[in-house]
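Numbering starts at 1 and runs along the sequence shown.
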Amino acid sequence: MMTQASIPPASVHAGHSAMVFSGGGARGAYEAGVLRYLYGEFARRHGVPTIDIVSGTSVGAINGSYLASVVHEPMAGIERLVKLWSELELDRVIGFGVTQATKLPRVLFGGRQGAGILDVSPLIKLVSTNMRWSDLVRNLRRSRLRALTISATHVATGRPWVFVDRAPDVALPSRLPPSMMVRADRIGPQHVLASAAIPILFPPVPVHGDLFVDGGLRLNTPMSPAIHLGARRVLVVALTSAVGTPKPAFEAGVFPGVAFLIGKMMNAFLLDHVNADFYEIERVNRMLDDGCAVYGPDFVDKLNAQAESEGRPRRERLHALAVAPSDDIGLIAAHHMQSNKARFGRALGKQLLRLLDIGEGVDADLVSYLLFDGDFARQLMDLGEHDARRREEDLARFFFGS
């Protein structure tokens, strides 16, 4: 289970703070719910949380970029984000019809033009017209935010790329894993759309002549860029629930269809490996604690002096905290789909609805990534707000050391 990594009370408030947003398509409404709590009830009770670095992947790139653009007025800004999620209409975000059906050969075999199973033009409009890109530029230029990072997967090489937009005095992160490419750039709609381009469902997106797809394929919880930018307190909003399906997914003798299998594949690709990241943070924290206990309080300083003399990265204690769904979002999507079949049939068309049907299983993982629907989003935002409220004391200690 994801929890905060242990940390001594005296050092809780040291260093820069970062907020990290995972990928997961329509599940991103959960992230908006966490933000609604932080910049609503929590802010009124404890004060407005301050964030120095924002990192996002896939739908987390959308929510993260939005947060970065409103750090100068976060309470009003997040209210607008919540309203945007609440007003989503499925056929205005994704579309499928005769035009998309004729593009299927290009999806399968490639060609001179990119294609996906779904029509991405409504999503392009949503990202382009609802984000306040000029405010993002000003917030970074005036150092209201140290950096925004957006992760995407480079199609030609399959490597994760991290685009970094930063304040004037902030250096690019160094000493990241060799497989990870870091690029300084002025982040705009094309970076966000590239990060959110789920392969096959959406076409690859060009950025400066290179093609990119969903960043979640290789880096779905981008903690590393934030840490290498100087974050010592990292709050992760995850989209993976700790709970599993409460009963077997299938009746005896029933085999899964393509929708169920694609949903599980997307879980494997896109849902985060945050547990492993938290385990590594906890391991390093304990190693530093043990060293100080055995060799004295200057152990970490001596360790880092030796590391820097050999050109290796420093070791620092990190305060990491995760807020994650307490309910299975796939199950929530299944129930919502069953209750609104008639409405979704009109929005998506019967053929796509049949493809997405979850009749053979109890959950609907694939649907949960694509259900950009206001009613579904409100359920996930309520869940995100509920889960964040349950961590109030941890969040207060994270932001204010109290």
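When all heavy atoms of Ile150 and Ala61 are compared, the pair lying nearest together is CD1-CB, 3.6 Å. Listed here is the closest heavy atom pair of Arg27 and Gly330: NH2-N, 4.0 Å. Between Cys292 and Val300, the shortest heavy-atom distance links the atoms SG-CG2, 3.7 Å. Among all heavy-atom pairs drawn from Ser143 and Ala167, the shortest one is OG-CB, 3.7 Å. Closest non-hydrogen pair, Asn139 versus Ala68, comes out as ND2-O, 3.0 Å. Minimum heavy-atom separation, Val205 to Gln190: CG1-O, 3.7 Å.
Put simply, NE2 on His16 and CD1 on Ile53 are 6.5 Å apart, with the number rounded to the nearest 0.5 Å. Interatomic distance, Arg36 CZ to Leu38 CG, rounded to the nearest 0.5 Å: 11.5 Å. In this structure, CD in Gln306 is found 13.0 Å from CZ in Arg314, a value given to the nearest 0.5 Å. We find the CZ-CG distance between Phe21 and Leu67 to be 5.0 Å, quoted to the nearest 0.5 Å. How far OG1 of Thr57 is from CD1 of Ile62: 11.5 Å, rounded to the nearest 0.5 Å. With rounding to the nearest 0.5 Å, the separation of CG in Leu81 from CE in Met131 is 8.5 Å.
Cation-pi geometry between Arg389 and Phe42 is not met: the NZ or CZ atom fails to fall both under 6.0 Å from the ring centre and inside 45° of the normal. Under a cutoff of 6.0 Å and an axis angle of 45°, Arg183 and Trp161 form a cation-pi pair.
A donor atom on one side chain and an acceptor atom on the other are not found under 3.5 Å apart for Ser179 and Arg159. Asp135 and Ser69 share no side-chain donor-acceptor pair at under 3.5 Å. Counted by atom type alone, Asp387 and Tyr30 present one or more donor-acceptor pairs between their side chains at under 3.5 Å. The closest side-chain donor-acceptor pair between His46 and Glu392 falls under 3.5 angstrom. Side-chain contact annotation: Asp375 with His336, donor-acceptor N/O pair under 3.5 Å absent.
Between the side chain of Arg232 and the main chain of Leu318, no donor-acceptor pair closer than 3.5 Å is present. No donor-acceptor pair closer than 3.5 Å links the side chain of Asp52 to the backbone N or O of Ala231. For Ser151 (side chain) and Val162 (main-chain N/O), no donor-acceptor pair under 3.5 Å exists by modelled atom type. Looking at Ser195, its side chain never comes within 3.5 Å of a backbone N or O of His191 through a donor-acceptor pair. Not one N or O on the side chain of Asp298 forms a donor-acceptor pair closer than 3.5 Å with the backbone of Asp301. In this structure, Arg391 contributes its side chain and Leu395 its backbone to no donor-acceptor pair below 3.5 Å.
Of the candidates Val213, Leu211, Asp210, Asp210 is the only one forming a side-chain contact (heavy atoms from CB on, under 4.5 Å) with His154.
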> Going through the checks in order, is the salt bridge (Lys or Arg N to Asp or Glu O under 4.0 Å) test met by Arg390 and Glu385?
Replying inline: CA-CA 9 Å; Arg390 292 173 59 200; Glu385 186 171 20; over 6 Å; no
> Would Val236 and Val323 count as a side chain to side chain contact (heavy atoms under 4.5 Å, CB included) if you check the C-alpha gap in whole Å, the side-chain angles of each, and the deciding distance to 0.1 Å?
Replying inline: CA-CA 6 Å; Val236 176; Val323 178; over 6 Å; no
> Run the side chain to side chain contact (heavy atoms under 4.5 Å, CB included) check on Tyr66 and Leu35 step by step: do they pass?
Replying inline: CA-CA 11 Å; Tyr66 197 100; Leu35 290 173; over 6 Å; no
>> Let's go through Asn304 and Glu316 carefully: what are the C-alpha distance in whole Å and the side-chain angles of both, what is the deciding distance for side chain to side chain contact (heavy atoms under 4.5 Å, CB included) to 0.1 Å, and is it a yes or a no?
In response: CA-CA 9 Å; Asn304 285 328; Glu316 303 283 358; 4.0 Å; yes
>> As a quick check of understanding, evaluate side chain to side chain contact (heavy atoms under 4.5 Å, CB included) for His335 and Gln379, giving each step before the final call.
In response: CA-CA 11 Å; His335 296 151; Gln379 292 182 58; over 6 Å; no
> Under the salt bridge (Lys or Arg N to Asp or Glu O under 4.0 Å) criterion, do Arg397 and Glu393 qualify, and how do the steps go?
Replying inline: CA-CA 6 Å; Arg397 184 165 59 251; Glu393 292 184 6; 5.6 Å; no
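Aromatic rings from Phe163 and Phe212 are positioned such that their centres are separated by under 6.0 Å. Ring to ring, Phe398 and His319 are close: their centroids are under 6.0 angstrom apart.
Side-chain contact between Thr149 and Val54 is absent, with no heavy atoms from C-beta onward closer than 4.5 Å. Ile332 places a side-chain heavy atom less than 4.5 Å from the side chain of Leu380. Residues Val71 and Ile51 have side chains not in contact (no heavy-atom distance under 4.5 Å, counting atoms from C-beta outward).
Of the charged side-chain nitrogens involved, none lies within less than 4.0 Å of a carboxylate oxygen, so that Lys83 and Glu79 do not count as a salt-bridged pair. With respect to the salt-bridge test (charged N to carboxylate O, under 4.0 angstrom), the residues Asp165 and Arg186 qualify.
Atom CZ of Arg144 has more than 12 heavy atoms from other residues, nucleotides or ligands within 6.0 Å.
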